[in-house]
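Counting convention: from 1, in listed order, for ligands and their atoms alike.
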Amino acid sequence: MLEKEFVLSKTEFVAFLKCPFQFYLLKELYKPTNQKRRNNYSDYEQFLQDGLDNHLWLQNFYKNFSVDIKSNIDPLLKLPDEADYWKRNFVNFEVKRYKEKNDFWEPVAVEFYLCNDSFCGTIDRIDLLNELGDCRIVEYKSYPSEFDEEELLFYTVLLTNHLPIIDVPNITKVTEFGIYYYKINEFYKAKVTPEIINTFEEYLEKLRTEMLDPSFIKKKKTCDFTNSRCLYREICKRIHIKHQKIFGHSKT
Ligand code: SF4
């Protein structure tokens, strides 16, 4: 059971949308470290570790290459990075973006962690859009997935609720969000209005209340425990078998 004051992270929110049972397992398994950020991911499956490495490269991109790009020098990638086709695509994409509009090109924040009494998460990148302080939230993902827009709206609400922020004083409101799919070199962006932000915040608050209700602890109907993208499939399968035995549905 969740405590009434629980903090909902972006990862947990998306887990709930994918499968409510995954969300409750995630909450239970990481209870002791729930409020702390991990810094060791060696127990993660390979595809997750690769994703973290890719994010780290993207996170350090401006630190490593913005001087070159601003000096019109084509950034030189390390040899192993050249082998990753998508890294060269990202360099070209950013060089083009800089040439098209060089003011406000460099992000005002990367890997920006925020947490309040209700929600927390780390925003991949924040771009300032103009002198008025309008900003855009940017997420990096390998490929499109089902709940990308919900994820961006989650971060939009989170950042909006924190403004103004001492560390990033020149941003005043979130007016746009975007997502860069680095494996297919596509950038999707959209405007976001205060009405959309308010409506989504109300939805999040309602969802947070519903999560406290035990009747929401249910498995995804279509899942047969073979979903390789679900880290909890083994433990979930065992819980399922145990319940089958309790109710006499299994002979083993
Ligand atoms: S294995 Fe299936 S039912 Fe279990 S947590 Fe994962 S997605 Fe949900």
Side-chain angles (χ1 to χ4, degrees), residues 1-55 113 115 118-124 139-155 157-158 179 181-184 188 200 203-252:
M1 291 298 298
L2 293 171
E3 288 166 10
K4 219 173 166 194
E5 310 70 36
F6 80 98
V7 176
L8 179 67
S9 74
K10 186 278 296 176
T11 307
E12 292 161 355
F13 164 62
V14 175
F16 187 85
L17 298 181
K18 284 182 187 161
C19 165
F21 201 65
Q22 189 182 118
F23 162 75
Y24 289 102
L25 282 175
L26 187 64
K27 266 292 186 206
E28 186 57 32
L29 291 170
Y30 293 108
K31 228 177 203 169
T33 55
N34 207 15
Q35 303 307 323
K36 291 186 197 142
R37 298 182 69 201
R38 295 178 60 143
N39 49 21
N40 182 348
Y41 298 91
S42 53
D43 57 335
Y44 272 29
E45 291 195 24
Q46 192 55 49
F47 78 93
L48 282 173
Q49 290 190 41
D50 291 346
L52 289 167
D53 288 345
N54 295 344
H55 263 77
Y113 179 69
C115 196
S118 306
F119 307 110
C120 69
T122 304
I123 299 169
D124 285 340
E139 278 298 291
Y140 297 126
K141 276 184 167 284
S142 49
Y143 295 102
S145 52
E146 200 180 351
F147 300 110
D148 291 347
E149 196 152 316
E150 286 83 349
E151 203 168 312
L152 290 166
L153 283 165
F154 182 97
Y155 284 132
V157 169
L158 184 64
I179 192 158
Y181 298 110
Y182 56 85
K183 291 284 177 87
I184 53 173
Y188 154 84
F200 199 77
Y203 158 74
L204 280 179
E205 287 295 355
K206 188 167 160 273
L207 197 73
R208 216 173 139 269
T209 310
E210 286 174 354
M211 286 166 169
L212 293 165
D213 179 348
S215 69
F216 278 82
I217 307 177
K218 50 191 163 203
K219 155 186 177 299
K220 187 178 177 176
K221 276 194 191 118
T222 52
C223 182
D224 60 358
F225 313 114
T226 53
N227 178 1
S228 62
R229 307 295 285 189
C230 178
L231 293 177
Y232 308 103
R233 58 191 181 277
E234 285 308 321
I235 188 166
C236 193
K237 200 189 300 177
R238 282 176 203 198
I239 293 170
H240 183 72
I241 291 168
K242 190 174 154 199
H243 279 249
Q244 293 267 308
K245 280 183 182 167
I246 290 169
F247 295 113
H249 294 154
S250 168
K251 294 186 182 78
T252 53

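Those atoms of ligand 1 that come under 4.0 Å of a heavy atom in Cys223, given as number and element, are 1 (S), 2 (Fe), 3 (S), 7 (S). Near Arg233, with a cut-off below 4.0 Å to any heavy atom, the atoms of ligand 1 are 1 (S).
Counting heavy atoms from C-beta outward, Phe13 and Leu153 have side chains that stay 4.5 Å or more apart. Side-chain contact check for Tyr181 versus Asp148: some heavy-atom pair is nearer than 4.5 Å.
Figure legend: cation-pi geometry between Lys4 and Phe6 absent, as NZ or CZ is not positioned both under 6.0 Å from the six-membered ring centre and within 45° of its axis.
Not a single N/O/S atom of Cys19, whether from backbone or side chain, sits less than 2.8 Å from atom 6 (Fe) of ligand 1.
Tyr24 places a side-chain N or O within donor-acceptor distance of the main-chain N or O of Met211, the cut-off being under 3.5 Å.
A search for side-chain contact (heavy atoms from CB on, under 4.5 Å) contacts involving Glu205 returns Ser118, Phe119, Arg208, not counting sequence neighbours.
At the top of the distance list for atom 3 (S) of ligand 1, counting protein heavy atoms only, stands Lys219 CG, 3.4 Å. Counting only heavy atoms of the protein, atom 4 (Fe) of ligand 1 lies nearest to Cys236 SG, 2.3 Å. Looking from atom 6 (Fe) of ligand 1 to the surrounding protein, the closest heavy atom is Cys230 SG, 2.3 Å.
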